[in-house]
Participant: 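This is the structure I have questions about; it appears just below.
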Amino acid sequence: QVELVESGGGLVQAGGSLRLSCAASGRSFSAYGLGWFRQGPGNEREFVAAVHWNGGNMFYATSVKGRFTISRDNAKNTVYLQMDSLKPEDTAVYYCALDRLRRRVGVVATTGDEYAYWGQGTQVTVSS
């Protein structure tokens, strides 16, 4: 059974930074892409960032590009999301997810249905 556990959320002022972590257990995820999604108050879940299984290809939502950085440490079975220059509109529950396909060919997965396993989420609140 695969389990993903996020941590690192919290309350931060606008302009500040947070680093989210997502630790996976139950499967070595080195052959799988990983993604971060978020769901803000009254909003649908949206894609934030993803990293290819080979670690060499990352993709970001336009709204976070240049401010957020996704990375992975396969030795620790952990994926990170470094969030800088945070804005109040970044307030959301952030979820990590594991790609449905092993060694996906081509671009990273950016839609929810391309992911098979999800964490429970971690709250990020950015005050103005």
Side-chain angles (χ1 to χ4, degrees):
Q1 180 69 19
V2 175
E3 184 178 20
L4 302 175
V5 179
E6 302 97 336
S7 61
L11 174 64
V12 64
Q13 288 188 332
S17 298
L18 282 175
R19 187 194 195 202
L20 305 184
S21 300
C22 173
S25 61
R27 174 183 296 180
S28 174
F29 71 17
S30 61
Y32 294 86
L34 293 150
W36 286 96
F37 291 76
R38 67 186 182 186
Q39 187 166 16
N43 296 332
E44 295 187 352
R45 184 179 62 192
E46 64 175 355
F47 169 80
V48 175
V51 58
H52 202 257
W53 65 268
N54 65 16
N57 187 17
M58 286 76 78
F59 190 79
Y60 299 91
T62 302
S63 59
V64 307
K65 195 170 185 178
R67 300 187 297 121
F68 290 12
T69 304
I70 188 171
S71 61
R72 63 188 296 159
D73 185 337
N74 289 340
K76 296 182 178 180
N77 248 24
T78 300
V79 62
Y80 304 97
L81 185 68
Q82 177 67 41
M83 306 186 296
D84 298 318
S85 302
L86 282 161
K87 305 175 181 179
E89 51 263 45
D90 294 318
T91 295
V93 178
Y94 283 72
Y95 301 90
C96 66
L98 187 72
D99 197 332
R100 184 177 303 279
L101 295 182
R102 186 174 185 273
R103 297 185 186 273
R104 178 182 294 272
V105 176
V107 300
V108 298
T110 60
T111 62
D113 59 3
E114 293 178 291
Y115 289 85
Y117 297 96
W118 296 80
Q120 83 290 346
T122 186
Q123 176 70 47
V124 171
T125 303
V126 184
S127 62
S128 57

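If you read the sequence from its start, that first residue is 1, and numbering goes on from there. Just the heavy atoms: all of them, side chains too, but no hydrogens, waters or symmetry mates, feed the values below. Quick caveat: nothing in here was measured; it's all calculated off a predicted structure.
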Participant: How close do Pro88 and Ser128 get, counting heavy atoms only, and between which atoms?
Facilitator: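 Looking at all heavy atoms of both residues, the closest pair is CG-CB, 3.8 Å.
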Participant: To the nearest 0.5 Å, how far apart are OH in Tyr95 and CD in Gln39?
Facilitator: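 One finds 5.5 Å between OH of Tyr95 and CD of Gln39.
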Participant: Got a donor-acceptor contact below 3.5 angstrom from the His52 side chain to the Gly106 backbone?
Facilitator: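 Pair found, side chain donor or acceptor close to backbone of Gly106.
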Participant: Using only atom types and a distance under 3.5 Å, with no angle test, would you say the side chain of Thr91 pairs donor to acceptor with the backbone of Val126?
Facilitator: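 The answer is yes, because a donor-acceptor pair under 3.5 Å joins these two groups.
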Participant: Can you tell me if Asp99 uses its side chain to pair, donor with acceptor, with the backbone of Tyr32 under 3.5 Å?
Facilitator: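 Side chain of Asp99 to backbone of Tyr32: no pair is present.
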Participant: Heavy atoms only: give me the nearest Phe47-Ala109 pair and the separation to one decimal.
Facilitator: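 Looking at all heavy atoms of both residues, the shortest contact is CE1-O, 3.9 Å.
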Participant: Heavy atoms, side chains only, cut-off 4.5 Å: are Asp90 and Arg38 in contact?
Facilitator: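 Yes, close enough: below the 4.5 Å cut-off.
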Participant: Just wondering, do Trp53 and Val108 contact through their side chains at under 4.5 Å, heavy atoms?
Facilitator: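 The answer is no, as the side chains (C-beta and beyond) never meet within the 4.5 Å cut-off.
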Participant: Nearest heavy-atom pair of Asn57 and Val107: which atoms, and what distance?
Facilitator: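 For Asn57 and Val107, the tightest heavy-atom pair comes out as ND2-CA, 4.2 Å.
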Participant: Should Phe29 and Tyr117 be counted in the same cluster of Ile, Leu, Val, Met, Phe, Trp and Tyr side chains packed under 4.5 Å apart?
Facilitator: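 Cluster IDs for Phe29 and Tyr117 match.
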Participant: What verdict does the side chain to side chain contact (heavy atoms under 4.5 Å, CB included) test give for Leu34 and Leu98, after you've listed the backbone C-alpha separation in whole Å, the side-chain angles of each residue and the deciding distance to 0.1 Å?
Facilitator: CA-CA 5 Å; Leu34 293 150; Leu98 187 72; 3.5 Å; yes
Participant: Taking all heavy atoms of Val79 and all of Cys96, pick out the closest pair and write down the distance.
Facilitator: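 That closest heavy-atom pairing would be CG1-CB, 4.5 Å.
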Participant: Working to the nearest 0.5 Å, report the span between OG of Ser17 and CZ of Arg67.
Facilitator: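 So the gap between those two atoms works out to 10.5 Å.
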Participant: Measuring from atom OG1 of Thr122 to atom CG of Leu81, what distance do you get when rounded to the nearest 0.5 angstrom?
Facilitator: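 Taking OG1 in Thr122 and CG in Leu81, the distance rounds to 11.0 Å.
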Participant: With a 4.5 Å limit on heavy-atom distance, are the side chains of Val124 and Met83 in contact?
Facilitator: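 Val124 reaches Met83 side chain to side chain.
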Participant: Classify the angle between the aromatic ring planes of Tyr115 and Phe37 as parallel (below 30°), tilted (30 to 60°) or perpendicular (above 60°).
Facilitator: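 Tyr115 vs Phe37 ring planes: perpendicular.
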Participant: Roughly how far, to the nearest 0.5 Å, is the CG atom of Asn54 from the CG atom of Asn74?
Facilitator: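 So the CG of Asn74 and the CG of Asn54 are separated by 10.0 Å.
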Participant: Is the backbone of Arg100 close enough, under 3.5 Å, to the side chain of Glu114 for a donor and an acceptor to pair up by distance?
Facilitator: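 No, because the side chain of Glu114 does not come within donor-acceptor range (under 3.5 Å) of the backbone of Arg100.
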Participant: Where do Ile70 and Trp36 land on the side chain to side chain contact (heavy atoms under 4.5 Å, CB included) test, with the steps shown first?
Facilitator: CA-CA 8 Å; Ile70 188 171; Trp36 286 96; 3.6 Å; yes
Participant: Between the side chain of Glu6 and the main-chain N/O of Leu20, is any donor-acceptor distance below 3.5 Å?
Facilitator: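 Checking the backbone N and O of Leu20 against the side chain of Glu6, no donor-acceptor pair under 3.5 Å is found.
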Participant: When clusters are formed by joining ILVMFWY residues with side-chain heavy atoms under 4.5 Å apart, either directly or through shared neighbours, do Val12 and Val64 land in the same one?
Facilitator: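 Val12 and Val64: one cluster.
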Participant: To the nearest 0.5 Å, what is the distance between OG (Ser71) and CZ (Arg19)?
Facilitator: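 Between atom OG of Ser71 and atom CZ of Arg19 there are 6.0 Å.
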Participant: In Å, rounded to the nearest 0.5 Å, how long is the span from CZ of Phe59 to NZ of Lys65?
Facilitator: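 Reported to 0.5 Å precision, the distance equals 7.0 Å.
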Participant: Shared ILVMFWY cluster between Val51 and Trp118, side chains joined below 4.5 angstrom?
Facilitator: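 No, Val51 and Trp118 fall in different hydrophobic clusters.
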Participant: Which atom pair, heavy atoms only, marks the closest approach of Gly121 to Val93?
Facilitator: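 Smallest heavy-atom distance, with atoms named: CA-CG1, 3.8 Å.
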